Amino acid sequence: QVQLVESGGGLVQAGGSLRLSCAASGRSFSYSNMGWFRQAPGKEREFVAAIGWSGGSTYYADSVKGRFTISRENAKFTVYLQMSSLKPEDTAVYYCAAQAPLSRRIKDNSSRSAPSEYDYWGQGTQVTVSS
C-alpha cells in the first residue's frame, strides 16, 4: 500500500514558479514509478510527468516539456514537480500518483501516461495561474 499527500499548490502569476511536493508512505515506495497528473474543471485528467523508481528516467507531456521538472528523493519518500514559466492554461488540480512497485514498464508510453495505469492517488492540490 502506498499513501500519497500533495502540497505546495497555490495562486501564482503567469510566468511565475511553484514547486509541488508529494509525500509518500509505504515500504516499497523506492520501487514505485511515480507520476503527476492534472485536471481542469470540465476536463479529463491528463498526464503531466512521470519518473521511474530509480529517478533516472523522466517523461513529460509536450505541453509542459522545458518548463516542468519531476524529481524524487527516495530517502525522503518524496516526489517533486518544479513548475516554471507558468501559464494560465496550467491552472488545474494537480494529482500525485504511484504505480504498484515493479508492476509496469515506464519506458512504454502506454504504461506511464494513462491514469488507469496508476494504482494509488493523492487528494490533489490546486494550482491557479492568473494572467
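These numbers come from a predicted model, not from an experiment.
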Out of curiosity, [X] [atom1] to [Y] [atom2], how far, rounded to the nearest 0.5 Å?
X      : Y     : atom1 : atom2 : value
Ile51  : Tyr80 : CD1   : OH    : 11.5 Å
Ser131 : Lys87 : OG    : NZ    : 14.0 Å
Arg38  : Asp90 : CZ    : CG    : 4.5 Å

Over all heavy atoms of both residues, which pair between [X] and [Y] is shortest? Give the atoms and the distance, please.
X      : Y     : value
Val48  : Leu81 : CG1-CD2, 4.2 Å
Gln123 : Leu4  : OE1-O, 3.8 Å
Ser21  : Thr78 : CB-CG2, 4.3 Å
Ser17  : Ser85 : OG-N, 4.4 Å
Met83  : Leu86 : CB-CD2, 3.8 Å
Glu6   : Cys96 : OE2-N, 2.7 Å

List in chain and number order the residues that pass side-chain hydrogen bond (donor to acceptor under 3.5 Å, both in side chains) with [X], two or more places apart in sequence or in another chain; answer none if no residue qualifies.
X     : result
Arg72 : Asn74
Gln82 : none
Glu44 : none
Arg19 : none

(message) Under the side-chain hydrogen bond (donor to acceptor under 3.5 Å, both in side chains) definition, can you give me all pairs with a residue in residues 49-62, not counting sequence neighbours?
(response) none

(request) Please assess Thr91 against Gln126 for the test side-chain contact (heavy atoms from CB on, under 4.5 Å), listing each intermediate value before the final yes or no. (result) CA-CA 8 Å; Thr91 295; Gln126 177 71 47; 4.0 Å; yes

Donor-acceptor list for residues 110-121 side chains, cut-off 3.5 Å, not counting sequence neighbours:
| residue | atom | partner | partner atom | Å |
| --- | --- | --- | --- | --- |
| Arg112 | NH1 | Ile106 | O | 3.1 |
| Arg112 | NH1 | Lys107 | O | 3.2 |
| Ser113 | OG | Asn109 | O | 2.8 |
| Ser113 | OG | Asn109 | OD1 | 3.4 |
| Glu117 | OE1 | Arg104 | NE | 2.9 |
| Tyr118 | OH | Arg112 | O | 2.6 |
| Asp119 | OD1 | Arg104 | NH2 | 3.4 |
| Asp119 | OD2 | Ala100 | N | 2.7 |
| Asp119 | OD2 | Arg104 | NH1 | 2.7 |

(request) Please check if atom CD in Gln3 has more than 12 non-hydrogen atoms from other residues, nucleotides or ligands closer than 6.0 Å. (result) no

(message) Is there a path of hydrophobic side-chain contacts, each under 4.5 Å between heavy atoms, that joins Met34 and Phe37?
(response) no

(request) Using the rule that two of Ile, Leu, Val, Met, Phe, Trp, Tyr join whenever any of their side-chain heavy atoms come within less than 4.5 Å, decide whether Phe47 and Ile70 are in one cluster. (result) no

